[in-house]
2 protein chains.
Amino acid sequence: MAIEDNSVNIKSDGAKAAGAYHHGDLRAAVIAAGLKRLAAGDDGELGLRALARDVGVSATALYRHFPDKEALLDALADEGLRRLGALQAQAWLKAGGKVGGFKAIGAAYVRFAHDEPALFRLSFTRQMPDRKDEEDGGEVAYNLLRAGIGEALPGVTEPDAAALHAWALVHGLAMLILDRRIDWDEALVDKVVGLTFGGLAR
Amino acid sequence: MAIEDNSVNIKSDGAKAAGAYHHGDLRAAVIAAGLKRLAAGDDGELGLRALARDVGVSATALYRHFPDKEALLDALADEGLRRLGALQAQAWLKAGGKVGGFKAIGAAYVRFAHDEPALFRLSFTRQMPDRKDEEDGGEVAYNLLRAGIGEALPGVTEPDAAALHAWALVHGLAMLILDRRIDWDEALVDKVVGLTFGGLAR
DNA sequence: TCGGTATGTTTACAGTGGCAACATTATGGC
DNA sequence: GCCATAATGTTGCCACTGTAAACATACCGA
């Protein structure tokens with residue numbers, strides 16, 4: 001066969017170069033393809049074969065990078081939590097911290113669920129087996145919330161109960177919206193979140 | 001074949017009588033078997049074949065009573081919502097209505113999720129396509145909550161926001177517990193629910 | 001009694017996740 | 001530079017899933 005000068009098979013998009021045997025970074029490409037699929041349809045139709053086809057690789061190739069499908073979904077879920085955490089941090093900064101920032105975090109939580117329903121659901125439905133040593137994405141999001149309470153609401157008597165309260169509220173709103181129990185209404189969400197989060201700072 | 005005197009094949013448990021061709025009330029039996037399976041394991045392993053085997057019938061027989069698996073799951077979900085509604089009504093009465101009853105409704109909601117995780121999740125994950133004429137189980141539960149607000153908290157300024165707030169809070173708590181984000185702790189739940197529901201009655 | 005209708009069974013098919021054996025490419029020690 | 005070896009990808013296969021089609025059996029009204 002003729003000489004191929006590509007030392008490694010670099011492709012910015014996920015697809016493998018035609019005729020190439022090794023992909024380059026299959027693991028990352030599969031995760032990217034999965035996220036794209038989750039973002040595209042409300043019902044995340046992700047199967048190993050479909051995912052593999054997106055990337056241009058045979059289905060069983062994925063098993064070189066993930067022990068099983070669950071592990072793949074875990075990776076996607078973790079990426080979702082990481083993005084949520086990033087959005088919340090951004091919202092907090094943009095609002096200048098304090099009570100306003102606290103409310104912004106809550107609103108960002110619900111908005112993320114609305115914008116990426118399949119990813120959000122996947123991220124939270126997946127139940128982590130037991131704590132691994134490396135910090136996962138969910139930890140980041142919760143710690144941010146918890147820290148926000150400490151900084152924004154110094155007068156609160158029971159920060160744990162308050163944090164749980166705030167978290168449960170936005171999570172419940174998000175879930176009810178995803179499951180079509182209530183309609184997405186940004187103004188209403190803001191009102192409820194503000195009412196509660198403000199109420200905590202009594 | 002010899003004469004069989006059973007005019008209809010009545011079986012109190014779900015299983016079909018050996019040698020009988022018709023079941024008697026397959027639809028109800030399948031739903032009962034599904035509920036039992038949901039109650040047994042946290043992960044609801046319900047497949048058509050397994051369900052059919054529980055009842056003692058071939059897998060495709062279920063298609064005489066449900067157009068597809070989704071419809072079967074819908075029926076199970078509806079039963080779950082109905083039970084939730086019943087528990088809430090019971091809690092309300094037992095607590096004697098008013099603010100106490102209102103809190104009891106919230107606690108019952110979370111407790112149900114904890115006691116029947118698979119059924120609760122199924123009930124809410126299933127998204128109803130569009131309103132049918134006959135009233136479904138979920139409507140009952142919400143109307144009860146909504147009515148509870150009116151009766152228990154006459155002074156509340158915005159009952160819709162308050163109802164949504166209360167619902168989201170307990171739903172979020174329930175979901176976070178199911179997904180192992182937080183541990184089940186009845187005292188903590190009562191505290192959070194009480195704190196919030198009491199707070200609404202300002 | 002007879003025929004239609006409801007209910008259940010058998011068989012089969014496409015699609016799924018996953019294992020095993022094989023093929024190909026990258027890499028590190030000599 | 002050469003070559004053993006690990007890393008990565010492919011093909012073939014298996015058990016299992018939901019479900020459609022054709023056939024069998026039981027019930028019920030005329």
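In what follows, chains carry the letters A, B, and so on, assigned in the order in which the sequence lines appear, proteins first and then strands, with residues in each chain numbered from 1.
The minimum heavy-atom distance between B/Ala108 and B/Leu87, with the atom names listed, is CB-O, 4.4 Å.
The distance between atom CG of B/Leu26 and atom C1' of D/dC27, rounded to the nearest whole Å, is 16 Å. One atom, NZ of B/Lys69, and another, P of D/dT19, lie 8 Å apart when rounded to the nearest Å. Separating the CG atom of A/Leu48 from the P atom of D/dT10 is a distance of 14 Å, rounded to the nearest angstrom. Across the protein-nucleic acid pair, A/Phe66 atom CZ and C/dG17 atom P stand 14 Å apart, rounded to whole Å. In this structure, the CD atom of B/Glu45 is 13 Å from the P atom of D/dC16, given to the nearest Å. The separation between B/Leu62 atom CG and C/dT10 atom P is 14 Å, rounded to whole Å. Taking atom CG of residue A/Leu51 and atom C1' of nucleotide C/dG18, one finds them 15 Å apart after rounding to whole Å. If you take OH of A/Tyr63 and C1' of C/dT16, they are 9 Å apart, rounded to a whole angstrom.
Of the residues A/Lys36, A/Arg49, A/Arg37, the one that meets the side chain to side chain donor-acceptor pair (under 3.5 Å) test with A/Asp54 is A/Arg37.
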Give me the distances for all protein-to-nucleotides 11-13 of chain D N/O pairs that come in under 3.5 Å?
unit_1	atom_1	unit_2	atom_2	d
D/dT11	O4	A/Thr60	OG1	2.7

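Under the side-chain contact (heavy atoms from CB on, under 4.5 Å) criterion, B/Ala71 pairs with B/Phe66, B/Pro67, B/Asp68, sequence neighbours left out.
Using a 4.5 Å heavy-atom threshold, the side chains of B/Leu62 and B/Val55 count as separate. Side-chain contact check for B/Ile182 versus B/Leu188: every heavy-atom pair is 4.5 Å or farther apart.
Counting only residues at least two apart or on different chains, the salt bridge (Lys or Arg N to Asp or Glu O under 4.0 Å) pairs with a member in residues 107-120 of chain A are A/Arg111-A/Glu186.
OP1 and OP2 of C/dA6 both lie 4.0 Å or more from every side-chain N or O belonging to B/His65.
Map A/Ala50 and A/Arg64 each onto its nearest nucleotide of DNA chain C; the residue landing nearer the 5' end is A/Ala50.
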